[in-house]
Number of protein chains: 2
Amino acid sequence: MPLGFPSPVKQASIDDLDRRSRRRRQTIDEILDVAHELMAEQGVAALSLSAVARRMGMQPPSLYQYFPSKMAIYDAMFGRGAQAVLDVRRAAIARKAKADPLTRMRAGATAMCRWAIANPVYSQLLFWRTVPGFEPSTEAFAPAVETVAELRTLLQAAVDAGQLDPDAASDDGVALSTSLIAGLLSQQLANQPDVTFDRGRFTRLLPTVLDLFVEHYRPGRNS
Amino acid sequence: MPLGFPSPVKQASIDDLDRRSRRRRQTIDEILDVAHELMAEQGVAALSLSAVARRMGMQPPSLYQYFPSKMAIYDAMFGRGAQAVLDVRRAAIARKAKADPLTRMRAGATAMCRWAIANPVYSQLLFWRTVPGFEPSTEAFAPAVETVAELRTLLQAAVDAGQLDPDAASDDGVALSTSLIAGLLSQQLANQPDVTFDRGRFTRLLPTVLDLFVEHYRPGRNS
DNA sequence: GTCTATACTACGATAGAC
DNA sequence: GTCTATCGTAGTATAGAC
């Protein structure tokens, strides 16, 4: 390229790259938002790329600039949902930072449960995995692993504070607590999908179920 | 038709009707069996009539002699599954006919749970209802209603026998007991779908969970 | 009651122009 | 990065012959 001539090709500045990648992220987010909408309307497993493109005013092939396949969209949704659960739970626990471990555990469980009922599409993806051919990638699954790890940590804190028996922080304790909550969610979403958390016949039982857990692992109780 | 001439059209005898309707029933059963196979292989929501026909050595249009639509097949499967749950539970309880109500309740729950894990396709249909566009008909749903009714009756018997607090037979008691079991099933099927009931990290907790329930409704316990 | 033929629609994904 | 065009496949369902 001869010196003294400004390049006819526009130089890509840092700002341009920022703008471009921000634009790209926006499009990706919009795709996921629209996919979520459609899943809510037609069923999670009924997602179609054509429908997504139609609603976005795009042509279907354009979607392949952002996701290499339909399953990649499901995977991104899974990751998004798992991250949201992690965030929601952390936020609820942070709000009770000064409270005892059991209070924080209850707050985390309640917030997560409330979010799950308000977001049935994500719940179905995360907790049931009923989309034919879809399995989440390790990356998308990571926040879910972290959520369970943090649950275990909190249970251990309750044990250390003398609020729970040491068994509560075992594999069984973790499995039991997740199962108790999954049961309420499962029944609520299957039988009263359009009822709010507060009014649900099943989710209403959350405090009771948490009591059951705490009582079961009451320290000194030879279970 | 002139007398003295045997009809050239073969008279349809009672036996013929029997044979014909039996044959028809067999075909219907085979369709449902094959549909079940395919759902197990490809995913419940991925059922395709063409695939059913292919595997049966039929042409797709022939299926419409037996089911008016794909959803009708889902509905029949739902009904079949709900009836199976009812039967399995009743059989387990009948085997403990002479035992106390709580023992029978535990037996029923265990048998049902075991069956559900061994039949994940039906479980997904019955307990999650994640097939886009499908809702079970009242007829198909009837055995499920009956199962819950019988659960309530059994809880009431336990109350009457002084084994449980009267609250156990309330709406909340029923919802709680179904949720506890649904939780184990849900977690087991989503996280360890190919592990047996006996070895499952979650289903293994069934006795514990039943204890939780019984303890919660222990008579005289002011809960 | 099974078939052939077909209508109709839709889908996921790729190639290549602009 | 978006488009048009298209491939290849699949699907549900119906009409009508046999």
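Here the structure is a predicted model, which is why all the values come from computation and not from measurement. Chain letters run A, B, ... following the sequence lines, proteins first, then strands; residues in each count from 1.
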A:E30/A:R55 under salt bridge (charged side-chain N to carboxylate O under 4.0 Å, His left out): CA gap, chis, key distance, verdict: CA-CA 10 Å; A:E30 195 191 338; A:R55 189 161 294 192; over 6 Å; no
Whole angstrom value for the distance that separates C1' of C:dA10 from CD of A:Q42: 13 Å
Whole-Å gap separating C1' (D:dG1) and CD (A:Q26): 15 Å
A:A82 to A:A140 - nearest heavy-atom pair and separation: CB-O, 3.9 Å
Over all atoms of both residues, closest heavy-atom pair of A:L63 and A:L49: CD1-O, 3.4 Å
Sub-4.5 Å side-chain heavy-atom contact between B:F127 and A:Q187: no
A:R90 and A:E146: CA distance, side-chain angles, deciding distance, salt bridge (charged side-chain N to carboxylate O under 4.0 Å, His left out) verdict: CA-CA 11 Å; A:R90 278 179 175 167; A:E146 174 62 16; 3.5 Å; yes
Integer-rounded Å distance: D:dC3 P and A:Y64 OH: 15 Å
Sugar-phosphate only, base, or nothing, as touched by A:S69 at under 4.0 Å among non-hydrogen atoms: sugar-phosphate
N or O in side chain of B:S62 less than 4.0 angstrom from C:dC3 OP1/OP2: yes
Heavy-atom closest pair, residues A:S186 and B:W128: OG-NE1, 3.3 Å
Residues touching DNA chain C, which here means a heavy atom under 4.0 Å, drawn from residues 47-60 of chain B: B:G57, B:M58, B:Q59
Distance, rounded to the nearest Å, where B:Q65 contributes CD and D:dT14 contributes P: 12 Å
Sub-6.0 Å ring centroid separation between A:F197 and A:W115: no
Between P of C:dT4 and CG of B:L63, the distance in whole Å: 14 Å
Sugar-phosphate only, base, or nothing, as touched by B:F67 at under 4.0 Å among non-hydrogen atoms: nothing
Between P of C:dG12 and CZ of A:F134, the distance in whole Å: 16 Å
Output one line per pair: protein atom, nucleotide atom from nucleotides 6-9 of chain D, and distance, for all N/O pairs under 3.5 Å.
none

Spacing of B:I73 atom CD1 relative to D:dA13 atom P, expressed in whole Å: 9 Å
Intermediate values then yes/no, salt bridge (charged side-chain N to carboxylate O under 4.0 Å, His left out), A:R201 and B:D172: CA-CA 8 Å; A:R201 192 166 81 235; B:D172 275 5; over 6 Å; no
Chi angles and distances behind the salt bridge (charged side-chain N to carboxylate O under 4.0 Å, His left out) call for B:D75, B:R80: CA-CA 9 Å; B:D75 202 51; B:R80 235 194 184 192; over 6 Å; no
